[in-house]
Amino acid sequence: MTDSTAILLVEDNAMNRDMLVRRLRRAGFSVITAENGQQALDKMRKSMPAIVLMDMNLPVVDGWTASKRARKDDSIAHIPIIALTAHAMDSDKANALRAGCDDYATKPIDFPDLLEKIRKLSTP
Amino acid sequence: MSEKVLTHNQWSEHLLHAVAELRQHFEHNQANLELEQQEDFNKLFAGSQRVDEIRQSSPNADQQHDLMNALAAIKGYSEMLLEDLAGTVPALDDALNQLLKIIHSANSTEPEQTSAATPATVSDPGFILAVDDQPENRELVTRYLSRAGHRVVTAASGEEALSTLAEVDVDVVLLDLVMPGMDGREVLRRIKEHAEWRATPVIIISGRQDMDGIIGCIESGADDYLFKPFNQVLLAARIKAGIERKRWHDLEADYRLQLERREKFIRATFGRYLTDDIVTEILERPEGLDLGGDLRNVTIMMSDIRGFTTLSENLSPANVVRMLNRYLGRMTDIIMSHHGTIDEFIGDAILAVFGAPKQRQDDADSAVRCALEMQAAMAEINAANSAEGLPEIEMGIALNSGDVIAGNIGSERRSKYGFVGHPMNVTARIEGVTGRGELMISSNTLEQLSGDYQMGESREISVRGLQQNLVIHQVLGDSND
C-alpha cells in the first residue's frame, strides 16, 4: 500500500529525470517519478513516499502550487518536500519555503549535498 | 571573477569540444566498461547533443530552461561516472574533470547567478497575475515585474484570469478595467465573491479619465489602483504593499490551519481515554491542564472478568474478541459517562481513574456509582452472550483512593497520560481478592464517600509493603436507588 522508503522525484525534463533516477537508485534508494504537479499529488496520496524531490517549474500544476496543496492535505502534509529550483535566485528559494517545502536544492544539483538533505529529512 | 567569464557561445564550444575528447577516450576504453557505465556515457552524449541543438537555434526563454536541464544532466552523469570509475581509467577521469570544470564556469555566467546582474528586489518576491487584453501591456508588466524578482502569470481576458486563479495560488492580481468580454469589474466581483480568492489583493489599472470606475471598484473591494500608462516605481510600490497584505493574510490562515490540526490531534489522542467534555475543557483553558506530572488524589478502579483466561481457552479467537469488545465497549461508555479516565485495558481487565486530569468534588462517589452501574450492566451483556451461544461472564471491581503521580509517562517516541504510585498497587491487590460480581472498596475510598450506600461485609487482607492489614468493604448498592 505505502512505500515508506521510496523517493518521489517530480521532474518534467526527461533527460534530467532519467539522470537523477539512475543516480538515486545507485545511491540505494527506490525511486518513483512524476512529471507534473498533479501527478505528484496523486502519487503522494497513493504511494506515501518517504520524501519528495520536486522541481518547481512544472507543467499543469507547478511545484509551488503542488507543495502548497500537499501542505493543506492532512493525509500527505507530513511528507517532507525538497524543492529543486532552477537557479540560485533568492525569490525561488523564498517561494519554495513559503509554499511549504522543507528545504531546497539548486540546479544543477550538488548530489552529495542533496543526499545529506534527504538523510536529514528522512530520519525523524 | 569577471575576467574568466566566457560568452554563451564560447563555453558551449568549449563544452562540446570537451565532450568530443571524452567520446574518443570512451570509445577507446569501451570494452573495459560495465554495461551500466556505457549507458551513462551514452546518456551524457545525448545531453551534449541537446546543447548543440540549442546552440544552433535562436535563443529564447524556454531554451534557456532546456539548456540548464541538459547541463544538469551532463554534470550528473559526469559526477556519477567519476565516482563509479574511481580512478580505474585515468584518461576518462581527466576528460570528465575537464568537462565538469567547463560546466561550472558555464553556470557562473548565468545572469541570475551574478549579483551585479540581479536587480535590487524592491519587495518580497511574489506571484502576480496580470490581466490585460493588450499583448504589449502584458509583456511590459511581465518585464517590469520579473526584473524585480516576481513570478508573473498573465491572462488575456477575464475568463482566462478566473481559470488561472483556479489553478495557481497568486499573491496579487493586476487587473485592467476595460476589456472585451468579461470586463475588469466583473472579474473583481467574482474574485471578491469567491471564498478562497477574496483575500487576494486586486490592483485596478485604468485610464486617467475613468475616476468614477475606479471609485466603484474600490467600493466593491479593490485594494488599490494605477493609471495608465503606469510609472514603474509606483507599480513596484503598489505590488509591494499588495504582497505584504497577502502575506499577513496567509500567515494568519496558516496559523489557523495549524491550530485546527493540533486540536484535531489532541482530540484524537485523548478522545480514546477521556470524555469529550474533558478534552474540550483542556483545549479551551488557555493555560491547559498541567500534564507534565503532578500529585493527584484520585480514586482508582480495577476490574476484570473472573476466570476469563480459562474461559477463552475453550473459545475461538474470533469469539473471544467479539465477547471482549462487547464487554469493553459497554464498560467504556459507562466509565466515560461518570467522568472516569480510562488508563488502559489489559486483556479483559480495565484500569480507570476518577479525579485526573480533572478533579471533581465527588470523584469517589462517581467511582462507586460507576462500578454499581457496570455490575448492573452485566445482565444485559450476558443476555447478548447467551443469545449467541457464548458463555456468561462475571466481573469483580475494586476501588481505592490515594495520592498518585499523574502525567505523560513514557519516552519521546511513545508516551501516554498515565498514573504511578503505591495506591495503584494496592488497588490491584484488592482486586485480586474480589469475588464474582462483587464491588470491594478500600477504607480510604469509604472515607471520601458522601452518598448513602448499602454496605456488605468487611474483610481484612494483607498487602505486601504495608505493615498493617488493609480493611476492605463490599458495596451492595446505592440506597437512593
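Numbered from 1 within each chain, the chains take letters A, B, ... in sequence-line order.
- Contact annotation: the side chain of B:Asn69 approaches that of A:Lys107 to within less than 4.5 Å [non-hydrogen atoms, C-beta and beyond].
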- Evaluate the criterion side-chain contact (heavy atoms from CB on, under 4.5 Å) for residue pair B:Glu83 and A:Arg23; output intermediate values, then yes/no. CA-CA 11 Å; B:Glu83 283 166 26; A:Arg23 237 181 150 177; 3.1 Å; yes

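- Heavy-atom minimum distance, B:Ala72 versus A:Asn16: CB-ND2, 3.4 Å.
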Going by atom type alone, with no hydrogens or angles, which donor-acceptor pairs under 3.5 Å involve a side-chain atom of residues 74-84 of chain A and a protein atom two or more places apart or on another chain?
from: A:Asp74; atom 1: OD1; to: B:Arg261; atom 2: NE; distance (Å): 3.4
from: A:Asp74; atom 1: OD2; to: B:Lys264; atom 2: NZ; distance (Å): 2.9
from: A:Ser75; atom 1: OG; to: A:Asp73; atom 2: OD1; distance (Å): 2.8

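- Residue A:Asp18 touches chain B through both its backbone and its side chain, counting heavy-atom pairs closer than 4.5 Å.
- Note: A:Thr65 leads A:Thr65, A:Asp55, A:Ile109 in heavy-atom pairs under 4.5 Å with chain B.
- The local environment of CZ in B:Phe41 is crowded, with over 12 non-hydrogen atoms from other residues, nucleotides or ligands closer than 6.0 Å.
- The side-chain contact (heavy atoms from CB on, under 4.5 Å) test applied to B:Asp254 returns no partner, not counting sequence neighbours.
- Among the candidates B:Leu257, B:Asp84, B:Ile74, B:Asp250, the residue making the largest number of heavy-atom pairs closer than 4.5 Å to chain A is B:Asp84.
- Within residues 42-53 of chain B, the residues having any heavy atom under 4.5 Å from a heavy atom of chain A are, by residue number, B:Lys43, B:Ala46, B:Gly47, B:Arg50.
- Distance check: B:Met80 CE to A:Leu20 CG gives 8.0 Å after rounding to the nearest 0.5 Å.
- Closest heavy-atom contact between A:Met15 and B:Ala73: CG-CB, 3.8 Å.
- A:Arg22 contributes no side-chain N or O that, together with a main-chain N or O of B:Tyr77, makes up a donor-acceptor pair within less than 3.5 Å.
- Atom CD of B:Glu196 is surrounded by 12 or fewer heavy atoms from other residues, nucleotides or ligands within 6.0 Å.
- With sequence neighbours excluded, the residues forming a side-chain contact (heavy atoms from CB on, under 4.5 Å) with A:Glu35 are A:Arg17, A:Gln39, listed by chain and number.
- A salt bridge does not link A:Arg98 with B:Asp171: every distance from a Lys NZ or Arg NE/NH1/NH2 to an Asp or Glu carboxylate oxygen is 4.0 Å or more.
- Here A:Arg26 is the residue among A:Lys68, A:Arg71, A:Arg26 with the most heavy-atom pairs under 4.5 Å with chain B.
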